[in-house]
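For reference, positions follow the sequence shown, starting with 1.
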Amino acid sequence: VQLVESGGDLVQPGGSLRLSCQFRGFTLYDYAIGWFRQAPGKKREGVSCINYDGFTSYADPVKGRFTITSDIDKGTVYLQMNNLKPEDTATYYCAADNIHTLRIGVEHNILDDYPYWGKGTQVTVSS
């Protein structure tokens, strides 16, 4: 099992980025995918998650700005981030687990010991 994030970059406030999480060794029918982020000196927090049937969930700070989608054939989950703010600056990680556990992490910021993680991609929002 492998998850690889990409797409992080330096962007100005108000800008957009699209992150990708390419996964191998399983399908979305086996595990759902969640996005999490961690800023320096802060705890890792939930961002969004998606299930094979298209169910999605978002943390309050990103609702209306971020959109999670999936391409099952490509084995990839995307996180479209619009209207980025300096407080979005963090390393973004994707993780795989069942949708119920991921949803608790995203909606209530109670993260579990998810079995599979990527190594992260850096997003910096600064002028």
Side-chain angles (χ1 to χ4, degrees):
V1 171
Q2 186 180 25
L3 295 93
V4 179
E5 304 92 338
S6 62
D9 205 345
L10 169 64
V11 63
Q12 291 187 344
S16 298
L17 280 176
R18 189 178 79 159
L19 304 184
S20 299
C21 172
Q22 188 168 28
F23 53 92
R24 296 186 178 92
F26 65 95
T27 71
L28 276 181
Y29 298 103
D30 302 311
Y31 293 107
I33 296 291
W35 281 100
F36 299 84
R37 65 186 182 185
Q38 188 167 18
K42 294 188 176 181
K43 291 183 178 180
R44 193 170 295 190
E45 62 180 12
V47 175
S48 183
C49 59
I50 189 167
N51 202 18
Y52 73 93
D53 59 0
F55 170 82
T56 60
S57 180
Y58 297 92
D60 286 343
V62 307
K63 282 182 180 176
R65 300 188 298 123
F66 291 11
T67 303
I68 189 170
T69 58
S70 66
D71 187 328
I72 292 178
D73 292 338
K74 292 185 178 180
T76 304
V77 168
Y78 304 98
L79 185 69
Q80 178 67 42
M81 306 188 296
N82 297 330
N83 190 22
L84 283 161
K85 304 176 181 180
E87 51 263 44
D88 295 318
T89 295
T91 301
Y92 283 70
Y93 302 87
C94 57
D97 204 340
N98 70 78
I99 188 63
H100 307 291
T101 306
L102 291 173
R103 187 178 177 182
I104 290 173
V106 168
E107 296 180 4
H108 302 288
N109 227 11
I110 301 173
L111 274 63
D112 205 337
D113 187 17
Y114 307 125
Y116 305 111
W117 286 92
K119 294 184 178 180
T121 186
Q122 179 66 37
V123 172
T124 302
V125 185
S126 175
S127 55

- Task: Using the side-chain contact (heavy atoms from CB on, under 4.5 Å) rule, take E45 and R37 through it: C-alpha gap first, then chi angles, then the decisive distance, then the call.
- Result: CA-CA 5 Å; E45 62 180 12; R37 65 186 182 185; 2.6 Å; yes
- Do W35 and V77 pass the side-chain contact (heavy atoms from CB on, under 4.5 Å) test, and can you show the C-alpha distance, the side-chain angles, and the key distance before you say yes or no? CA-CA 9 Å; W35 281 100; V77 168; 3.7 Å; yes
- Message: Apply side-chain contact (heavy atoms from CB on, under 4.5 Å) to residues V11 and T124 and explain how you reach the verdict.
- Response: CA-CA 6 Å; V11 63; T124 302; over 6 Å; no
- Query: So H100 and L102, side-chain contact (heavy atoms from CB on, under 4.5 Å) or not? Walk me through it.
  - Reply: CA-CA 5 Å; H100 307 291; L102 291 173; over 6 Å; no
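Taking all atoms of both residues into account, the shortest heavy-atom contact from C94 to L3 is SG-CD2, 3.7 Å. In plain terms, the two heavy atoms of G46 and A59 that are nearest each other are O-CB, 3.4 Å. For the residue pair I99 and C49, the shortest heavy atom distance occurs at CD1-SG, 3.8 Å. Closest approach of A90 to A39, counting heavy atoms only: CB-N, 3.8 Å.
Using a 4.5 Å heavy-atom cutoff, the side chains of F36 and T91 are not in contact. Side-chain contact check for P86 versus P13: some heavy-atom pair is nearer than 4.5 Å. V106 places none of its side-chain heavy atoms less than 4.5 Å from the side chain of V47. Looking at heavy atoms from C-beta onward, V123 lies in side-chain contact with L19 at the 4.5 angstrom threshold. Contact of the Y58 side chain with the I68 side chain is registered, since non-hydrogen atoms from C-beta on lie closer than 4.5 Å.
Relative to the six-membered ring of Y93, R44 meets both conditions, a distance below 6.0 Å and an angle of at most 45° to the axis.
Tracing side-chain contacts under 4.5 Å through hydrophobic residues (I, L, V, M, F, W, Y), one reaches Y92 starting from V125; they form part of the same cluster. No single ILVMFWY cluster, assembled from side-chain heavy atoms under 4.5 Å apart, contains both Y29 and F55. V62 and L84 fall within a single hydrophobic cluster, where Ile, Leu, Val, Met, Phe, Trp and Tyr side chains are chained together by heavy-atom contacts under 4.5 Å. L79 and I72 fall within a single hydrophobic cluster, where Ile, Leu, Val, Met, Phe, Trp and Tyr are joined by side-chain heavy atoms under 4.5 Å apart, directly or via other members. M81 and L10 end up in different hydrophobic clusters when Ile, Leu, Val, Met, Phe, Trp and Tyr side chains are linked at under 4.5 Å.
Below 30°, between 30° and 60°, or above 60°: for W117 and Y114 the angle between ring planes is between 30° and 60°, a tilted geometry. Between F26 and Y31, the two ring planes are perpendicular [angle over 60°; tilted spans 30° to 60°].
The distance from the OG1 atom of T56 to the CZ atom of F66 is 14.0 Å, given to the nearest 0.5 Å. Interatomic distance, S48 OG to Q80 CD, rounded to the nearest 0.5 Å: 12.0 Å. How far CG of D97 is from CG of L111: 10.5 Å, rounded to the nearest 0.5 Å. The NE2 atom of H108 sits 10.0 Å away from the CG atom of D60 when rounded to the nearest 0.5 Å.
Salt bridge annotation for D88-K85: absent, with no cationic side-chain nitrogen under 4.0 angstrom from a carboxylate oxygen.
Residue pairs that meet the side chain to side chain donor-acceptor pair (under 3.5 Å) test with at least one member in residues 3-18, sequence neighbours left out, are S16-N82.
Of the candidates I33, L28, D30, L28 is the only one forming a side-chain contact (heavy atoms from CB on, under 4.5 Å) with Y52.
Within the 3.5 Å criterion, the main-chain N or O of Q22 finds no donor-acceptor partner in the side chain of S20. The closest donor-acceptor contact from the side chain of T76 to the backbone of K74 lies under 3.5 Å.
If you check the side chains of E107 and S57, you find a donor sitting under 3.5 Å from an acceptor.
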